[in-house]
There are 2 protein chains.
Amino acid sequence: MEQPRKRARPGRAPTPAGRTSRPRQAEVARLAGVSQATVSLVLSNRGDGQAASISQETRQRVLDAARSLGYVPDPAARRLAAARNNLLGVFSFTATFPTDVQHSYYPFLVGVEREAAALGYDLVLFTGSSSGGSGAAGPEALSRVRLADGCLFLGRHVPRADLKRLVADGFPVVHLGRREELEGLAWVGADYVSASREVVAHLAALGHRRIVLVREDDDAPASTDRQEGFLRGLSDAGLTGRPDAVLRCSDPAGEVTAERVRALVADGVSAFVAEETDTNAAWRALSGAVREAGLDCPGQVSLGLLGSPPPDLAGAPVPMGFDIPRPRLGAAAVRLLAALVAGEETREPLVACEFRAGETAGPVRAAGRAGSARQAHSEK
Amino acid sequence: MEQPRKRARPGRAPTPAGRTSRPRQAEVARLAGVSQATVSLVLSNRGDGQAASISQETRQRVLDAARSLGYVPDPAARRLAAARNNLLGVFSFTATFPTDVQHSYYPFLVGVEREAAALGYDLVLFTGSSSGGSGAAGPEALSRVRLADGCLFLGRHVPRADLKRLVADGFPVVHLGRREELEGLAWVGADYVSASREVVAHLAALGHRRIVLVREDDDAPASTDRQEGFLRGLSDAGLTGRPDAVLRCSDPAGEVTAERVRALVADGVSAFVAEETDTNAAWRALSGAVREAGLDCPGQVSLGLLGSPPPDLAGAPVPMGFDIPRPRLGAAAVRLLAALVAGEETREPLVACEFRAGETAGPVRAAGRAGSARQAHSEK
DNA sequence: GCGCATTACTAATACGCATTAACACGAGGG
DNA sequence: CCCTCGTGTTAATGCGTATTAGTAATGCGC
């Protein structure tokens, strides 16, 4: 009668609150007349496969009970119990849905969503800029992602330190966009090298012998890659890259003038390609200059854009070039992440771009010969 | 010494796996020479506030220990213990990120994300089409949303039955877009009535005495609301609504012709407003007819559009009217949902639209007095 | 000095699920 | 008839944290 240690149990109040709590495995178990453990066994084996010694009948009873109660496993508990919860995180340090749609990750998310759905994952969007919740945007912010099985990071503003920490802890992380500086960080990116190379190859196939790349004065990997692809494309086609094949300018609008273009054309250049950047300054300058110079675009001069056309194209001919398959990039990132979560060691970092024929490239005209370029055209 | 029941402890293997375990509160506690509970207390009170009786010294020791070990709380455990997971679901029966950006929920999501972040919630995106997770796309799909603390539904294709079920179970649900048919379902919508009223008020203030609403033959609440607001606006301004103030047509393009518009203007009508629909047929017909009739828009006739301008405006003057504040709608939905989750009973269904001055409305010209069409043109 | 309030902290849960040793029950095998 | 297997199910645990009852220690008033 002395109840040795019955100290009016501490811990939590019997019922958290008035909240009509969602059903737990325990409730499902009660309804099905089995134990909670059985429910867990049945539900985790759901896929069918090697039923771990649960009779068909029991299994069915449990499934029925679960459905009728609308049971859904608690992701947190699931995760805590060292399992997985079929949740993939998506984290961007800037807003994922910025007001300025132009800079959004939307196209990526299209692919991310589709692929995640296909692979059976749901997406948790961690709101990175959140100053809300508990505390500042300190380590807390990034540590929340651990609720998911793995996390996809968008943008280049992800704090290095936190990322490193996650990677070091063995948390599955994939960065969307090239990011080689961080050892062990998985990432996916577009293959600008091959794509640029392909563009050059197409121009070469159209008969162009002198092609000039207009790029900005910038050492981002995206720029470097394009240049590398461009040069490789040239050498593939047996066009030794003359030093003036690359026009690197800090002020495209000022440097790529109609005169200059005309001069280059007179010198034998028959095609130009511009790198793609945020502003697409190179492309704008180039296409503007060509128009101003009174050159017929697909006719006398071919143009290429190493990337997607600017959104404000509006009537202008679609440039030949390549499209960055953003949705596919997103999908690839998800696939990679899923593989990491599953413990596999897949590597699939680069996604191919799609060649876009466009309307700004055509065969070299025989009539378009120029002064010192006579030899170049002699084969016509 | 006989160890009554020491059954070689079941449960999990001593160490889950190779996972490099991050420090736990227990380790911090050991280092600081206190109990785990103390660590929890110190760390959860982080913000400062009313220190729950922990001495400055201990507090500091714990904080130091935590920092030196690089402790980060495990969100899964945190949420498990707190009996909520700070997750809000977002469910759309069509893909959340459709390829066709035009029809996307993007503008809403902008607000949803921002508000969720501000309130300290993360977002779980459920895809209706998703066959993923653990089950088919059947009733299972909708039941998955229960994994969040509450859920936001987008679009009008949400199956009634399932929604009803969720509501009946007391699961916090908010529908984005008016939805009154379902008892007990919380929703947020735009206040078309007030906005339409305001548009009319503006026109009245500019001196317009005869205003005509062009609407399609459709009984959607959105249409009805606009008409109601229009009529109220008229009566506010003391302009008794003549029966012919509303032009309801099943084929706007065919019915709203240049002739008809000219006739109406001749009859004294100085302003037209069109309702907004998917196709904006009414607006297109109206503005086309006015142009065709050779009427100067802000000068001889004022036009209004009860909604957002069509995306393909391209150079045409921005119509006067109102904008549906989609981001704010999203934000309001999140606020409402958060309130429901917290057990509050807030009601904030209608969000005000923003009046847009545009360029298609101007004061009535003194010369534009009615009578016959002759006068209307005489000032030319 | 004895109650009583206050302060500083700890012990003991509980959260919901996965996991696994252990048990119950028959079916053969010797 | 006992013992070994196999099969189906359960009891008991742990994951890492939050919470609360409880304890020890101190201070205060009379």
Side-chain angles (χ1 to χ4, degrees), chain A residues 5-17 19 21-30 32-46 51-59 61-62 66 71-86 134 143 146-147, chain B residues 5-17 19 21-30 32-46 50-59 61-62 66 71-85 146-147:
Chain A
R5 36 208 334 285
K6 194 53 184 302
R7 18 168 37 182
R9 60 183 171 123
R12 155 174 328 273
T15 311
R19 183 85 39 77
S21 58
R22 321 177 319 229
R24 311 287 158 208
Q25 285 190 350
E27 274 122 86
V28 176
R30 205 179 314 137
V34 297
S35 73
Q36 173 264 322
T38 302
V39 174
S40 174
L41 284 177
V42 170
L43 293 184
S44 44
N45 251 23
R46 183 178 282 263
S53 71
I54 295 284
S55 69
Q56 262 316 313
E57 195 209 309
T58 304
R59 170 181 300 272
R61 270 217 318 284
V62 169
Y71 169 81
V72 175
D74 180 334
R78 215 163 168 147
R79 180 115 188 100
L80 186 57
R84 35 197 306 216
N85 54 21
N86 272 342
S134 44
S143 126
R146 304 185 116 109
L147 177 67
Chain B
R5 37 211 331 284
K6 190 57 183 303
R7 21 168 34 179
R9 61 188 170 117
R12 149 177 332 273
T15 310
R19 184 78 49 80
S21 58
R22 327 173 254 129
R24 315 283 162 209
Q25 285 189 351
E27 274 123 85
V28 175
R30 206 178 313 137
V34 297
S35 73
Q36 174 267 322
T38 303
V39 173
S40 174
L41 285 176
V42 169
L43 294 183
S44 46
N45 251 24
R46 185 179 282 269
Q50 58 279 58
S53 69
I54 297 282
S55 70
Q56 264 315 315
E57 197 208 306
T58 303
R59 171 181 300 272
R61 269 215 321 282
V62 170
Y71 169 81
V72 253
D74 179 340
R78 202 183 261 253
R79 284 167 187 188
L80 179 55
R84 51 196 302 231
N85 53 27
R146 301 179 109 110
L147 132 185

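Reminder, nothing fancy here: chain letters follow the sequence lines and each chain counts from 1. These numbers come from a predicted model, not from an experiment.
Remark: V34(A) pairs with A29(A), A32(A), T38(A), V39(A), T58(A), R61(A), V62(A) by the side chain to side chain contact (heavy atoms under 4.5 Å, CB included) rule, at least two apart or across chains. A37(A) pairs by the side chain to side chain contact (heavy atoms under 4.5 Å, CB included) definition with S35(A), not counting sequence neighbours. Evaluation of the salt bridge (charged side-chain N to carboxylate O under 4.0 Å, His left out) rule for R146(B) yields D169(B) as partners, not counting sequence neighbours. Take R84(A) and apply the side chain to side chain donor-acceptor pair (under 3.5 Å) test, not counting sequence neighbours, and it matches Y121(A). Applying the side chain to side chain donor-acceptor pair (under 3.5 Å) test to E27(A) and every residue at least two apart in sequence or in another chain returns nothing.
If you take CZ of R24(A) and C1' of dA14(C), they are 12 Å apart, rounded to a whole angstrom. In this structure, CD of E57(B) is placed 13 Å from C1' of dC9(C), rounded to the nearest angstrom. One can place CG of L147(B) at 13 Å from C1' of dG16(C), the figure rounded to the nearest angstrom. Remark: P of dG8(D) and CZ of R61(A) are 14 Å apart, rounded to the nearest angstrom. In this structure, CZ of R146(A) is placed 15 Å from C1' of dT17(D), rounded to the nearest angstrom. What separates CG of L43(B) from C1' of dG16(D) is a distance of 13 Å, to the nearest Å. Atom OH in Y71(B) sits about 6 Å away from atom P in dA18(D), given to the nearest Å. For the pair E27(B) CD and dT17(D) C1', the computed distance is 14 Å after rounding to whole Å.
OP1 or OP2 of dT9(D) has at least one side-chain nitrogen or oxygen of T58(A) nearer than 4.0 Å. Note on R78(A): every side-chain N or O is 4.0 Å or more away from OP1 and OP2 of dC17(C). Using a 4.0 Å cut-off, some side-chain N or O of Q25(A) falls inside it from OP1 or OP2 of dA18(C). Residue Q56(B) places no side-chain N or O under 4.0 Å from the OP1 or OP2 atom of dA8(C). An OP1 or OP2 oxygen of dC15(D) is reached within less than 4.0 angstrom by no side-chain nitrogen or oxygen of R79(A). For the OP1/OP2 pair of dT10(D) and a distance below 4.0 Å, the side-chain nitrogens and oxygens of T38(A) include at least one atom meeting the criterion.
Out of dC9(C), dG16(C), dA18(D), the shortest distance to the side chain of I54(B) is found at dC9(C). Among the nucleotides dC15(C), dC15(D), dT9(D), the one closest to any side-chain atom of L80(B) is dC15(C). Closest contact between the side chain of L41(B) and the listed nucleotides dC15(D), dT10(C), dG8(D) involves dT10(C).
The main-chain N or O of L80(B) is never found under 3.5 Å from a side-chain atom of D74(A) such that the two would form a donor-acceptor pair.
Five base pairs at each end of the helix from dG1(C)-dC30(D) to dG30(C)-dC1(D) define two local axes, and these are offset by 60° (rounded to 10°).
When side chains are defined from C-beta on, L43(B) does not count as touching P73(B), because their heavy atoms never get closer than 4.5 Å.
Within the nucleic acid shown, V34(B) comes within 4.0 Å of sugar-phosphate atoms alone, with no base atom in reach, counting heavy atoms only.
Taking CG of N86(A) as the reference point, atom CZ of R79(A) lies at 11.0 Å (rounded to 0.5 Å).
Projected onto DNA chain C by closest heavy-atom contact, Q36(B) and A77(B) fall at different nucleotides, the more 5' of which corresponds to Q36(B). Between S35(A) and A37(B), it is S35(A) whose nearest contact on DNA chain D lies nearer the 5' terminus.
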